[in-house]
Amino acid sequence: MNIGIIGAGFMGSMYARIAKEMPGTTLIGVTAKGSDRARKLAQELGVREYGDYRELIRDTAIDVVSVCTPTDTHAKIACEALDAGKHAIVEFPLCGDERELREIRDASVRTKRICAVAYFARYQGQYARVFDLARSGTLGTISNAFISRRSSSVFESDDIVNNLISQDIDWVVRLLGTPKSVSCANDGQRYAAFTFTYKDKVAIIEGSTNMPKGYPFSTRHLVAGDRGSVELSWRFTDRPEFRMELATDGTIGPLECEDYNPYRRELETILDAIGRGDASGHDVHSVYDAVRLSFECRRMMR
């Protein structure tokens with residue numbers, strides 16, 4: 001697979017360096033708007049720097065375009081890449097509203113090209129382990145789930161749902177499906193909590209950026225069923241740390257988990273799926289219901 005990277009910020013630079021080292025993948029070049037970061041990155045990696053993203057998209061040597069630009073440009077660039085015959089990988093968040101979501105889905109269908117979504121929570125080792133365990137039947141019939149994502153104001157934005165919580169909404173929808181009803185409580189954009197009600201279960205997702213200065217980026221996942229429960233506490237200071245426990249039939253004990261680079265696993269998994277021509281678990285269709293629900297949740301906020 002030959003790949004081109006659009007964007008040379010944190011994610012674009014990381015993806016470029018990962019792609020440069022991946023067996024079976026060739027990094028053709030990079031581009032970024034209004035910055036010399038792309039030039040420096042291209043020189044560092046010994047690849048081509050394109051004058052703009054359209055020049056990169058037109059290059060017939062490129063099979064896959066990775067879109068690592070601001071969210072409000074994702075839909076436009078992804079659709080242009082698909083229309084140019086490229087597959088696309090779009091960084092989280094996928095897009096800014098339902099119109100853009102439909103445009104990306106329709107472009108993927110029309111062009112018969114894959115638009116994959118780089119949702120970190122699908123590929124991070126501990127999150128994936130809890131998800132797979134909950135889906136395996138080990139916990140029995142799931143009755144409730146809880147996800148909390150907390151940080152200081154360093155992650156504050158004007159869209160706490162799309163920028164912080166929507167990956168967790170995707171996680172819950174993949175596990176439990178689309179809820180029958182949703183309720184919301186929030187304190188502006190600094191704290192938001194959503195209750196998803198199903199016929200026989202409840203899921204709660206909360207996110208906050210109102211923690212004290214220096215507070216580590218922290219998450220908690222708890223999933224319970226009629227035969228057991230699993231709990232994950234994860235945080236990042238200068239490195240990731242986690243504690244995971246499984247409780248079943250009156251016993252409780254720690255769970256081990258392979259700790260790998262989630263961004264590398266994300267890119268490897270998506271490129272492998274594109275190469276096989278079956279990205280059904282990674283493409284825009286696989287997140288469509290969850291992204292729509294995220295926008296519905298956003299509209300509910302006071």
Side-chain angles (χ1 to χ4, degrees), residues 6-7 11 65-82 87-111 113-124 127-128 131 135 145 147 149 155 157-184 186 189 192-198 203-207 219 221 262 266-267 269-270 273-274 279-301:
I6 301 176
M11 281 307 305
V65 172
S66 175
V67 182
C68 301
T69 57
T71 303
D72 61 0
T73 66
H74 285 181
K76 176 180 176 59
I77 296 174
C79 288
E80 288 187 31
L82 296 169
H87 301 294
I89 302 173
V90 182
E91 184 51 46
F92 168 85
L94 174 61
C95 57
D97 56 40
E98 289 187 61
R99 176 186 58 81
E100 292 181 343
L101 175 63
R102 290 193 299 271
E103 287 177 352
I104 294 171
R105 178 199 60 183
D106 293 349
S108 179
V109 172
R110 181 180 66 252
T111 62
R113 291 294 182 269
I114 293 166
C115 181
V117 290
Y119 274 32
F120 175 88
R122 292 185 170 202
Y123 306 96
Q124 201 268 357
Y127 300 164
F131 182 88
R135 286 284 294 268
I147 301 177
R149 187 172 293 263
F155 284 94
S157 75
D158 60 356
D159 190 352
I160 191 173
V161 177
N162 207 31
N163 294 335
L164 190 70
I165 302 175
S166 56
Q167 290 204 65
D168 302 317
I169 294 174
D170 174 68
W171 198 95
V172 165
V173 169
R174 285 194 300 134
L175 179 64
L176 303 178
T178 303
K180 293 180 62 177
S181 63
V182 182
S183 61
C184 169
N186 69 290
Q189 293 292 331
F194 298 93
T195 300
F196 299 156
T197 303
Y198 297 79
I204 297 173
I205 298 175
E206 64 169 25
T219 64
H221 289 64
E266 181 179 76
L267 191 57
T269 304
I270 290 173
I274 292 175
S280 55
H282 314 280
D283 63 8
V284 59
H285 308 289
S286 75
V287 301
Y288 192 83
D289 289 341
V291 175
R292 286 185 62 195
L293 182 59
S294 294
F295 295 142
E296 179 183 336
C297 289
R298 186 173 65 185
R299 288 193 295 271
M300 299 174 65
M301 292 179 60

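Pro93 and Asn163 make their closest contact through CG-OD1, 3.6 Å (heavy atoms, listed as atom of the first residue, atom of the second, distance). Listed here is the closest heavy atom pair of Ala116 and Ile270: CB-CG2, 3.5 Å. Closest of all the heavy-atom pairs between Asn162 and Phe92 is O-CZ, 3.3 Å. Smallest separation of non-hydrogen atoms from Glu103 and Ala75: OE1-CB, 4.4 Å. Taking both residues in full, the closest heavy atoms of Cys95 and Phe295 are given as O-CZ, 3.7 Å, listed atom of the first, atom of the second, then distance. Contact detail for Val172 and Ala203: the closest heavy-atom pair is CG1-CB, 3.8 Å.
Rounded to the nearest 0.5 angstrom, Glu266 CD and Gln124 CD are separated by 11.0 Å. Within the model, atoms CG of Asp289 and OG1 of Thr178 stand 4.5 Å from one another, a figure rounded to the nearest 0.5 Å. Atom-to-atom distance recorded for Ile77:CD1 and Ser66:OG is 10.5 Å, nearest 0.5 angstrom. Within the model, atoms CD1 of Ile204 and CZ of Phe194 stand 12.5 Å from one another, a figure rounded to the nearest 0.5 Å. Rounding to the nearest 0.5 Å gives a distance of 10.0 Å between OH of Tyr123 and CG of Leu267. Atoms CD and CG, from Glu206 and Asp168 in turn, are 10.5 Å apart once rounded to the nearest 0.5 Å.
Two residues are said to be in side-chain contact when any heavy atoms from C-beta on lie closer than 4.5 Å; Leu164 and Ser157 fail this criterion. Residues Ile114 and Ser108 form no side-chain contact, since every pair of their non-hydrogen atoms from C-beta on lies 4.5 Å or further apart. Ile160 is listed as a side-chain neighbour of Gln189, based on a closest heavy-atom distance under 4.5 Å. In this structure, Phe196 and Ile169 have side chains that are in contact, with non-hydrogen atoms separated by less than 4.5 Å. You'll find the side chain of Tyr119 stays beyond 4.5 Å of the side chain of Trp171, heavy atoms only. Counting only heavy atoms from C-beta outward, the side chains of Met11 and Phe120 never approach each other to under 4.5 Å. In this structure, Val117 and Asp170 have side chains that are not in contact, with every pair of non-hydrogen atoms separated by 4.5 Å or more. Side-chain contact between Ser280 and His285: absent, with no pair of heavy atoms (C-beta onward) separated by less than 4.5 Å.
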So Val90 and Val284, side chain to side chain contact (heavy atoms under 4.5 Å, CB included) or not? Walk me through it. CA-CA 9 Å; Val90 182; Val284 59; over 6 Å; no
For side chain to side chain contact (heavy atoms under 4.5 Å, CB included), just list the numbers for His74 and Thr69, CA-CA rounded to whole Å, side-chain angles, deciding distance to a tenth of an Å, and then say yes or no. CA-CA 7 Å; His74 285 181; Thr69 57; 3.5 Å; yes
Check the pair Glu98, Arg102 against side chain to side chain contact (heavy atoms under 4.5 Å, CB included), reporting the backbone distance first and the verdict last. CA-CA 6 Å; Glu98 289 187 61; Arg102 290 193 299 271; 3.8 Å; yes
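Side chain of Gln167 to main chain of Ala121: a donor-acceptor pair is present (N/O by atom type, distance under 3.5 Å, no hydrogens or angles). Listed for the Arg122 side chain is a donor-acceptor partner under 3.5 Å among the backbone atoms of Gly281. The main-chain N or O of Arg174 is found under 3.5 Å from a side-chain atom of Arg135 such that the two form a donor-acceptor pair. Using a distance-only test at 3.5 Å, with no hydrogens or angles considered, no donor-acceptor pair links the side chain of His221 to the main chain of Tyr127.
Here Glu80 pairs with Lys76 in a salt bridge; the nearest charged N to carboxylate O distance falls below 4.0 Å.
Looking at Asp97, Asp159, Asp158 one by one, the single match for salt bridge (Lys or Arg N to Asp or Glu O under 4.0 Å) with Arg298 turns out to be Asp159.
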